[in-house]
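See structure below.
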Amino acid sequence: MPARTITRLGHPVLRTAAAPLPVSDIGQPPVQDLVDDMVETMRAAHGVGLAAPQVAEGVQLFVYEVRGEEGTPDPIPLRVVINPMLVPEPGELVYDWEGCLSIPELRGLVPRHPGVRVRGLDRHGQALDYVAWGFEARIIQHEFDHLNGVVYLDRMRGMDSLTYESEFERFFADDDEDEPAGESPAAVG
Ligand code: NI
């Protein structure tokens, strides 16, 4: 499966609402190939998530995965989410670092709901209904936003935390008091 080219900010597809995938299309080769390509592309780019508009496909589909490499949070198994609906779980917004494969080299602090209920379909067209918290909930909200033409910069409360990756690593990567030093990576998807 070839990795696809990741669209970058400025490509109109990143600012366009994605269309739902017809359920009858999900099992067909074009969608299955797209899913496989997106997983490959996400892994090649060392991201934790990828939405279809990031490979220039304006459909409601995203994938995410945390592979548990050194310096990353606990592993999260690969998920493929199609035609999702999100409902926030109650709780105060949580600020943490994000980056985006479509906005290379930058990081910023983004408020997100602490948990979300996800409803949608998996790559086999089977119903999904689950609740995710913390880092996983952050990834899901980031990728869901991509399906609505929204990027994390739009969610930032201000631009003062915007930082380049190298400066993030130098000045902020160990800043999270809740986690041991070196285990506070940005959610990049
Ligand atoms: Ni992104």
Side-chain angles (χ1 to χ4, degrees), residues 3-21 34-67 69 71-73 76-86 88 93-116 118 120 132-159 161-169 172-173 184-189:
R4 300 201 187 188
T5 301
I6 296 177
T7 54
R8 287 160 50 116
L9 197 62
H11 193 307
V13 73
L14 291 171
R15 290 309 199 173
T16 304
L21 267 174
L34 174 60
V35 169
D36 290 338
D37 289 355
M38 285 175 60
V39 172
E40 180 83 11
T41 304
M42 170 180 69
R43 289 173 175 169
H46 302 288
V48 294
L50 190 73
Q54 294 182 277
V55 292
E57 298 284 349
V59 294
Q60 293 181 16
L61 158 62
F62 64 78
V63 300
Y64 66 91
E65 176 187 51
V66 176
R67 303 186 79 180
E69 292 156 354
T72 66
I76 298 171
L78 176 67
R79 284 269 200 187
V80 177
V81 183
I82 295 170
N83 299 346
M85 291 178 45
L86 293 194
L93 296 177
V94 179
Y95 283 77
D96 212 338
W97 294 97
E98 295 185 23
C100 183
L101 297 174
S102 297
I103 310 169
E105 294 185 29
L106 288 170
R107 303 285 183 267
L109 278 175
V110 184
R112 297 290 188 184
H113 299 287
V116 286
V118 183
W133 296 94
F135 194 70
E136 183 175 1
R138 178 169 298 276
I139 297 169
I140 292 166
Q141 289 168 85
H142 179 117
E143 302 312 330
F144 182 81
D145 272 352
H146 275 304
L147 305 184
N148 291 291
V150 173
V151 298
Y152 81 89
L153 300 176
D154 306 324
R155 298 292 191 193
M156 292 173 67
R157 289 290 195 263
M159 289 295 136
S161 70
L162 195 65
T163 181
Y164 284 101
E165 186 177 4
S166 55
E167 280 69 18
F168 169 78
E169 297 294 342
F172 298 109
S184 179
V188 179

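None of the values given here were measured: they were computed from a predicted structure. As the structure lists them, so they are numbered: ligands from 1, and atoms in each ligand from 1.
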Sum of protein N, O or S atoms, each under 2.8 Å from the Ni ion (ligand 1): 4

Look at [X] together with [Y] and state whether they make a salt bridge at an N to O cut-off of under 4.0 Å.
X	Y	result
R4	E57	yes
R112	D145	yes
R107	E165	yes

Quick one: which residue pairs count as a side-chain hydrogen bond (donor to acceptor under 3.5 Å, both in side chains) with a foot in residues 8-18, not counting sequence neighbours? R15-D154

Is there a donor-acceptor pair under 3.5 Å between the side chain of R67 and the backbone N or O of V48? no

Evaluate the ring planes of W97 and F172, with Trp represented by its six-membered ring, and classify them as parallel (under 30°), tilted (30 to 60°) or perpendicular (over 60°). tilted

